[in-house]
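Residues: numbered from 1 along the sequence shown.
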Amino acid sequence: MASMKTTFLPALIFLVLQTEFISLEAIWSNSSAGNSTVGCIDMEREALLKFKEGLHDPSGTLSSWVGEDCCNWLGVGCSNRTGNIIKLDLKRTFFCDMYSDITECMKHSSLGGVLSPSLLELKFLNYLDLSSNYFEEISIPNFIGSLNKLTYLNLSDSWFGGTIPPQIGNLSNLLYLDLSPSQPENSLTVSNINWLSGLSSLKYLNLNNVDLSEATTDWLQTVNLLPSLLELHLHNCELHYLPQNFPSVNFTSLSVLDLSDNDFNSSSIPQWVFNFTSLTNLQLSSSNLAGSIPKIAKGNLCNLRNLDLSENFYLSGEITEFFQALSECSNSSLEELYLGINQLIGNIPHSLGNLKRLRELDLDSNAFSGSIPSSIQNLSRLEILYLEDNKMNGTIPESIGQLSELKELHLSGNSWQGNQLTGKIPENIGSLHQLETLDLSSNHLSGHIPPSMSSMTFLSHLNLSYNNLSGQIPSANQFLTFNDPSIYEGNPQLHGPPPLPTSFSMPSGNAEHKDQEDVHVHNNGEDQFENLWFYLSIALGFIVGFWVVCGSLLIKKSWRQTYFCFAEKMKDRLLVVIALNMAHLQRKIQAERH
């Protein structure tokens with residue numbers, strides 16, 4: 001599923017304004033070191049050097065940590081007024097995505113070792129980022145909770161392990177906290193989540209992939225004590241309890257809520273989740289939710305840009321009221337809607353066309369029926385549409401050809417117990433000039449392949465198999481690149497130019513098909529036998545030719561001498577010819593210059 005689960009800008013912009021004020025008075029070694037009005041404080045420089053001693057630095061990240069002025073060192077920011085170190089940014093900037101063994105790459109490009117308590121000498125440190133390093137599952141040290149000036153703490157993706165120290169709850173000034181490990185094995189755990197209640201100023205909390213199973217019954221009550229919270233990320237946290245009744249939610253300004261990839265034991269989606277007015281991103285996918293989608297009160301979720309309820313398998317019911325509520329927002333912000341792999345039923349409502357900012361719509365693998373609404377033409381920004389594996393019927397509307405931004409169109413597998421997409425492929429489908437993927441397989445479409453499809457120059461993935469298409473496959477432009485017969489099979493009246501087969505029959509169990517299979521097997525056996533003799537003859541010819549020539553030279557000395565003398569003379573003649581031609585060319589160039 002493309003472009004999944006993005007975190008949107010409004011909350012982040014506000015958060016950056018809250019945390020990055022530190023940078024306004026920080027002096028950075030790579031930009032403004034010359035503007036320092038106060039030098040590095042000796043005690044703090046010594047503290048950094050002790051901190052460096054405890055670290056493994058295979059890539060030389062801290063090689064600049066020499067000299068008297070630590071404010072010039074990489075990743076160190078100082079106050080312009082006092083010279084105190086206020087910012088330590090040592091996140092790894094080298095990316096290992098291109099390497100097959102990411103662990104080995106990180107070992108040789110990341111900081112590791114142990115964190116020295118000498119950091120406690122940095123009394124004014126309020127920004128600490130050690131993210132994306134490799135600490136080989138050592139525990140987060142307890143002394144981190146004594147850096148009481150911290151407003152920003154990021155230890156994410158750094159391979160820490162063990163139990164998160166509850167002392168972090170002492171950081172009452174913290175605005176941003178990210179402890180999420182990159183590995184999904186939940187190597188970080190929490191024995192008691194109550195320490196979160198001490199972070200009353202917190203605006204951003206990311207505990208993705210942290211094992212919260214021991215705090216599963218009181219996690220929401222604890223989070224509810226953070227009234228300033230803007231983003232809550234609890235993806236894959238082994239949560240098993242989702243409170244259904246929670247009348248007093250304090251974090252009403254929440255912008256991002258991610259509870260995906262947990263197991264809520266077939267709980268319903270609680271109504272309080274849909275009561276936020278500032279929410280821009282709601283992630284509840286793969287969380288074993290059941291029942292119907294709750295009603296949305298007017299004015300709620302109007303700022304929503306990304307909604308993901310996919311892969312809950314037992315989420316059921318109709319979506320008419322749900323779409324109607326979303327479309328009642330005066331200016332719906334919804335850009336990405338994922339409802340795939342559930343048990344939703346009924347018609348896709350006409351009100352879908354009111355969600356005019358939609359870029360991605362995924363409704364695949366449900367039990368939707370009825371026709372594709374013509375109002376889909378209003379989704380002028382739509383780039384990805386998944387409607388495969390449903391019970392849709394009727395024809396593909398001509399209006400789908402007006403979706404000029406469409407890059408992926410998936411309508412396959414809508415042939416099920418009498419429900420089927422029929423009719424012709426719209427003639428104007430060739431106007432989808434941005435389309436890269438088109439899958440119309442396993443329906444009951446008929447007629448010819450529109451010639452206009454030859455103009456779809458970005459089309460790289462096509463599947464028209466198992467329909468009732470007929471006529472000649474276009475032999476121009478993009479279709480010349482599709483040499484895979486399987487994308488047309490199951491269309492017995494469809495004909496293709498060479499090198500494709502002349503027809504694409506449906507598989508059958510009748511005698512004629514059996515005879516064709518036998519002939520194919522027989523011919524295939526003959527081809528394999530001929531190929532074997534061909535390669536054997538090449539090998540025998542090489543062996544015989546090699547020994548006829550080389551063997552005779554080895555056996556008869558006079559022939560060998562004659563051969564090498566001839567080769568030597570030919571070499572000399574060739575060198576003479578080259579030398580004469582070079583001299584002639586030089587004289588010609590000199591004459592032209594004069």
Donor-acceptor side-chain pairing of Thr280 and Arg305 below 3.5 angstrom: no
Nearest atoms (heavy-atom pairs only) where Leu355 meets Leu379: O-CD2, 3.1 Å
Note, Ile348 side chain near Leu387 side chain (heavy atom, < 4.5 Å): yes
Under 3.5 Å donor-acceptor, Trp65 side chain and Leu74 backbone: yes
Pair Asn265-Ser267, side-chain donor/acceptor within less than 3.5 Å: no
side-chain hydrogen bond (donor to acceptor under 3.5 Å, both in side chains) partner of Asn288, chosen from Asp263, Asn262, Asp261: Asp263
Under-4.0 Å salt bridge between Arg357 and Glu335: no
Modelled atom types, side-chain donor and acceptor of Asn306 and Glu336, under 3.5 Å: yes
Under 3.5 Å donor-acceptor, Asn224 side chain and Ser248 backbone: yes
Whether Asn303 side chain and Leu301 backbone form a donor-acceptor pair below 3.5 Å: no
Lys407: partners by salt bridge (Lys or Arg N to Asp or Glu O under 4.0 Å), with sequence neighbours left out: none
Donor-acceptor pair, side chain of Ser375 and main chain of His350, under 3.5 angstrom: yes
Sulfur-sulfur distance Cys40/Cys78 under 2.5 Å: no
N-O pairing of Lys91 and Asp89 below 4.0 Å: yes
Leu122 side chain reached by Leu128 side chain, heavy atoms, under 4.5 Å: no
Distance-only donor-acceptor check, side chains Asn390 and Asn366, under 3.5 Å: no
Ser260 side chain to Gln283 side chain, donor-acceptor N/O pair below 3.5 angstrom: no
Expected output: side-chain Asn148 to main-chain Gly145 donor-acceptor under 3.5 Å: no
Greater than 12 external heavy atoms within 6.0 Å of Lys149's NZ: no
Derivation and outcome, ring-ring contact (aromatic ring centres under 6.0 Å, His included), residues His233 and Tyr204: CA-CA 8 Å; His233 299 264; Tyr204 179 100; 5.3 Å; yes
Side-chain heavy-atom pair Val210, Thr189 within 4.5 angstrom cut-off: no
Carboxylate-amine/guanidinium contact Lys203 Glu231, below 4.0 Å: no
Separation between OG of Ser278 and CG of Leu254, rounded to the nearest 0.5 Å: 8.5 Å
Show which side-chain atoms of residues 313-328 pair as donor or acceptor with protein atoms under 3.5 Å away, not counting sequence neighbours.
| residue | atom | partner | partner atom | Å |
| --- | --- | --- | --- | --- |
| Ser327 | OG | Phe323 | O | 3.1 |
| Ser327 | OG | Gln324 | O | 2.8 |

Aromatic ring proximity, centroids under 6.0 angstrom, Phe135 and Trp159: no
